[in-house]
Amino acid sequence: MPDATGMELLARELGERVEGCVLATRHFRGKGAIDVRPSSVVEVLRALRERGFDFLTSVHGLDYFPEEPRLGVQYELLDMSALDRLTVALRVPLEDPRVPSVTPDWPTANHQEREVFDMFGVIFDGHPDLRRILMPEDYEGHPQRRDFPVGGEPILFTHNETSSPRWFA
């Protein structure tokens, strides 16, 4: 968005279309962001698509530890004709981290939502194939959360393969 006023006008337009969807707007260093309710993200992204933001560049997970609601999801949109970028952000509590999937409308979100699920534990309701994408299926935990233990498992090299427990027997 070109300026903070444009962000406020866009937020008002979205609020008229999807009642109560916008929680806040931010404009920092020439980039705009809109904070929305998790339940309205699908409708908000549809409205923004009709307004010209027709390219979903990425979906990100965030952890705001120790704040609550702790987990966040950000959608980065691009209006290629006007060369504008926009972030749509939402936050969900750690106890029930559920967000509607945008994959039916934005197929590019498929693997990105799976990555956010795998790394942060956010559940995307309605996703066609929500399962781990980077970690093994039986892996416990979500490694990008800020309270995840640092250290993990020892890395095997040729010099320590005989001394690592349960590896060489």
Side-chain angles (χ1 to χ4, degrees), residues 1 4 7-8 10-49 53 55-78 85-155:
M1 298 295 351
M7 285 299 304
E8 292 301 321
L10 180 60
R12 183 172 52 170
E13 182 182 319
L14 289 170
E16 291 170 357
R17 181 158 177 185
V18 184
E19 188 175 338
C21 68
V22 177
L23 301 175
T25 61
R26 292 174 275 132
H27 191 269
F28 183 68
R29 294 186 178 173
K31 185 157 188 266
I34 298 177
D35 297 334
V36 300
R37 295 190 189 286
S39 59
S40 63
V41 69
V42 173
E43 292 85 8
V44 167
L45 292 182
R46 282 180 187 154
L48 289 170
R49 175 181 262 170
F53 290 95
F55 183 49
L56 179 65
T57 59
S58 62
V59 179
H60 302 286
L62 298 101
D63 187 351
Y64 293 99
F65 179 79
E67 296 176 25
E68 205 38 66
R70 181 171 156 184
L71 300 176
V73 180
Q74 288 187 351
Y75 302 85
E76 302 293 333
L77 298 171
L78 176 64
R85 294 182 180 273
L86 178 66
T87 300
V88 176
L90 59 89
R91 289 176 71 168
V92 292
L94 187 63
E95 297 79 40
D96 188 25
R98 294 187 171 277
V99 177
S101 176
V102 299
T103 301
D105 293 339
W106 306 84
T108 188
N110 187 338
H111 286 82
Q112 296 175 50
E113 286 181 350
R114 285 180 59 191
E115 183 176 350
V116 173
F117 165 71
D118 195 3
M119 295 289 112
F120 293 93
V122 176
I123 299 165
F124 292 91
D125 292 327
H127 191 281
D129 187 22
L130 192 62
R131 58 188 166 94
R132 289 197 180 267
I133 191 168
L134 298 171
M135 304 303 290
E137 285 290 330
D138 60 348
Y139 192 83
E140 293 183 19
H142 304 283
Q144 291 296 312
R145 286 187 180 176
R146 289 190 171 191
D147 59 355
F148 192 80
V150 178
E153 299 176 13
I155 300 172

So with a 6.0 Å cut-off around CD of E95, is the heavy-atom count from everything else above 12?
yes
Nearest 0.5 Å, please: how far is CZ in F117 from CG in D129?
10.5 Å
From M119 atom CE to I133 atom CD1, the distance as rounded to the nearest 0.5 Å:
9.5 Å
Is there side-chain contact between V36 and V18, with heavy atoms separated by less than 4.5 Å?
no
Nearest heavy-atom neighbours spanning I34 and M7
CG1-CE, 3.3 Å
Which heavy atom of R114 sits nearest a heavy atom of L130, and at what distance?
CA-CD1, 4.3 Å
With a 4.5 Å heavy-atom cut-off, do L56 and L77 have their side chains touching?
yes
Can you tell me how far CZ of R26 sits from CG of D35, rounded to the nearest 0.5 angstrom?
4.0 Å
Regarding D63 and R145, does a basic nitrogen lie under 4.0 Å from an acidic carboxylate oxygen?
no
Taking all non-hydrogen atoms of both residues, which atom of F148 and which atom of Y139 are closest, and how far apart?
CZ-OH, 3.0 Å
For the residue pair L48 and L14, establish whether any side-chain heavy-atom pair is separated by less than 4.5 Å.
yes
Is Q74 reaching over with its side chain to a backbone N or O of L62, donor-acceptor style, under 3.5 angstrom?
no
Check the pair V116 / F124 against side-chain contact (heavy atoms from CB on, under 4.5 Å), numbers first and verdict last.
CA-CA 9 Å; V116 173; F124 292 91; 3.9 Å; yes
Sequence neighbours left out, what passes salt bridge (Lys or Arg N to Asp or Glu O under 4.0 Å) with R146? Give chain and number order.
none
Please name all residues satisfying salt bridge (Lys or Arg N to Asp or Glu O under 4.0 Å) with R91, sequence neighbours left out, ordered by chain then number.
E67
Does the side-chain contact (heavy atoms from CB on, under 4.5 Å) test come out yes or no for E115 and L134, once each step is laid out?
CA-CA 7 Å; E115 183 176 350; L134 298 171; 3.8 Å; yes
Working to the nearest 0.5 Å, report the span between CZ of F65 and CG of D147.
5.5 Å
Would you compute the distance between atom NE2 of H142 and atom CE of M135 and round it to the nearest 0.5 angstrom?
10.5 Å
Atom pair CG (L86) and NZ (K31), whose distance is rounded to the nearest 0.5 Å:
7.5 Å
Tightest non-hydrogen contact, residues S101 and G126, listed as CB-C, 3.9 Å
Check P100 against P38 and note the closest heavy-atom contact, atom names and distance.
CD-O, 3.2 Å
Keeping to residues at least two apart or across chains, list the side chain to side chain donor-acceptor pair (under 3.5 Å) pairs with something in residues 36-48.
R46-D105
Give the C-alpha distance, both sets of side-chain angles, the deciding distance and a yes or no for side chain to side chain donor-acceptor pair (under 3.5 Å) between T25 and E8.
CA-CA 7 Å; T25 61; E8 292 301 321; 2.3 Å; yes
Considering all heavy atoms, the nearest W106-F53 contact
CH2-O, 3.4 Å
Any Y75 side-chain heavy atom under 4.5 Å of V59 side chain:
yes
Residues, nucleotides or ligands: over 12 heavy atoms within 6.0 Å of E140 CD:
no
